[in-house]
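Worksheet for the structure shown next.
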Amino acid sequence: MSREISDRLLAATYGQESAEILVPIVRLTHSAWEQPVRLVRDTRALTHAGEIYEPFPFDISLPDDEDEGFPVLRWSAQNVTRELIGQFRAITGEILGTVAWVLVATPDIVEAGPFEVQITGIEYDAQRISGVMTIEPILDEQFGYLEMTPGNAPALF
């Protein structure tokens with residue numbers, strides 16, 4: 001997985017002084033939720049593509065640039081609000097999401113991503129919530145060219 005870096009981000013990164021701030025934005029959806037959860041790692045709300053992302057303290061890491069394995073994003077949030085924990089407790093199944101990195105000055109221009117992810121497991125306690133976001137759900141892919149069905153492999157069922 002290789003990444004292109006924009007001239008804006010390079011200038012902000014290598015400039016001696018820069019007011020640019022690179023922040024991750026996360027949009028999570030589930031069929032049981034009325035509206036998606038939109039979060040930005042900042043102290044102020046951010047508008048991206050006409051949607052408001054609420055400030056929230058979380059950490060998220062980009063996937064490794066390796067050819068082996070499948071890419072995952074690891075994330076965690078501290079001091080989780082009861083509302084967010086309640087939303088996660090009330091559902092079963094996978095949560096779908098989009099993760100991107102934007103500069104605060106130009107929030108409609110995506111600097112890294114967007115990554116389409118799915119969350120299949122969440123761990124939480126009173127102070128912290130964490131999990132893994134899978135970019136390529138490899139376990140959902142068919143292995144081999146044969147399909148095992150009750151008709152052609154009845155002993156498996």
Side-chain angles (χ1 to χ4, degrees), residues 1-67 69-141:
M1 171 181 279
S2 64
R3 293 184 202 103
E4 294 290 323
I5 297 177
S6 71
D7 292 337
R8 286 179 309 282
L9 183 56
L10 283 173
T13 303
Y14 293 120
Q16 184 172 349
E17 293 181 19
S18 176
E20 294 287 353
I21 301 170
L22 184 69
V23 294
I25 57 175
V26 177
R27 184 178 192 275
L28 302 174
T29 59
H30 190 276
S31 59
W33 296 343
E34 290 182 24
Q35 294 188 26
V37 173
R38 292 182 294 271
L39 307 171
V40 60
R41 184 183 172 191
D42 201 359
T43 57
R44 290 182 269 171
L46 179 102
T47 302
H48 171 77
E51 295 181 325
I52 298 173
Y53 287 75
E54 297 298 324
F56 199 78
F58 66 89
D59 292 317
I60 193 163
S61 65
L62 281 168
D64 294 332
D65 281 337
E66 295 180 1
D67 292 332
F70 58 96
V72 296
L73 299 163
R74 300 192 190 290
W75 64 277
S76 66
Q78 301 290 332
N79 299 323
V80 180
T81 64
R82 290 183 185 180
E83 180 181 315
L84 188 60
I85 287 287
Q87 283 183 292
F88 286 120
R89 280 185 183 164
I91 61 169
T92 58
E94 64 188 25
I95 299 170
L96 301 178
T98 305
V99 179
W101 276 259
V102 299
L103 290 170
V104 172
T106 54
D108 285 329
I109 300 172
V110 174
E111 299 295 337
F115 300 107
E116 299 295 324
V117 298
Q118 76 182 72
I119 302 171
T120 54
I122 297 172
E123 297 176 5
Y124 57 88
D125 58 26
Q127 297 296 315
R128 186 171 179 257
I129 186 169
S130 64
V132 173
M133 297 177 174
T134 306
I135 293 178
E136 295 174 8
I138 195 163
L139 298 178
D140 292 342
E141 297 295 321

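As a basis for the values below, the full set of heavy atoms in this structure was taken, side chains included, without hydrogen atoms, waters or symmetry mates.
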Salt bridge Arg74-Asp59, side-chain N to carboxylate O under 4.0 Å = no

task = Scan Ile129, Val117, Val132 and name whichever one has a side chain to side chain contact (heavy atoms under 4.5 Å, CB included) with Trp75.
result = Ile129

task = Among Val99, Ile25, Thr98, find the residue that satisfies the side chain to side chain contact (heavy atoms under 4.5 Å, CB included) test when tested with Pro114.
result = Thr98

task = Identify, with sequence neighbours excluded, every residue that meets side chain to side chain contact (heavy atoms under 4.5 Å, CB included) alongside Leu22.
result = Leu9, Trp101, Leu103, Glu111

Within-4.5 Å side-chain heavy-atom neighbours: [X] and [Y]:
{"X": "Val23", "Y": "Val102", "result": "yes"}
{"X": "Leu28", "Y": "Ile119", "result": "yes"}
{"X": "Leu96", "Y": "Glu94", "result": "yes"}

ask   = His30 side chain to Ile95 main-chain N or O, any donor-acceptor pair under 3.5 Å?
value = no

OG1 on Thr43 to CD1 on Ile21, rounded to 0.5 Å = 7.5 Å

message = Nearest 0.5 angstrom please: Thr106 OG1 to His48 NE2, how far?
response = 10.5 Å

request  = Step through the shown structure and confirm whether more than 12 heavy atoms of other residues, nucleotides or ligands are within 6.0 Å of CG on Asp7.
outcome  = no

key: Which atom of Trp33 lies closest to which atom of Ile91, heavy atoms considered   = NE1-CG2, 3.5 Å

task = Apply the test side chain to side chain contact (heavy atoms under 4.5 Å, CB included) to residues Ile60 and Met133: give CA-CA distance (whole Å), side-chain angles for both, the deciding distance (0.1 Å), then the verdict.
result = CA-CA 10 Å; Ile60 193 163; Met133 297 177 174; 3.9 Å; yes

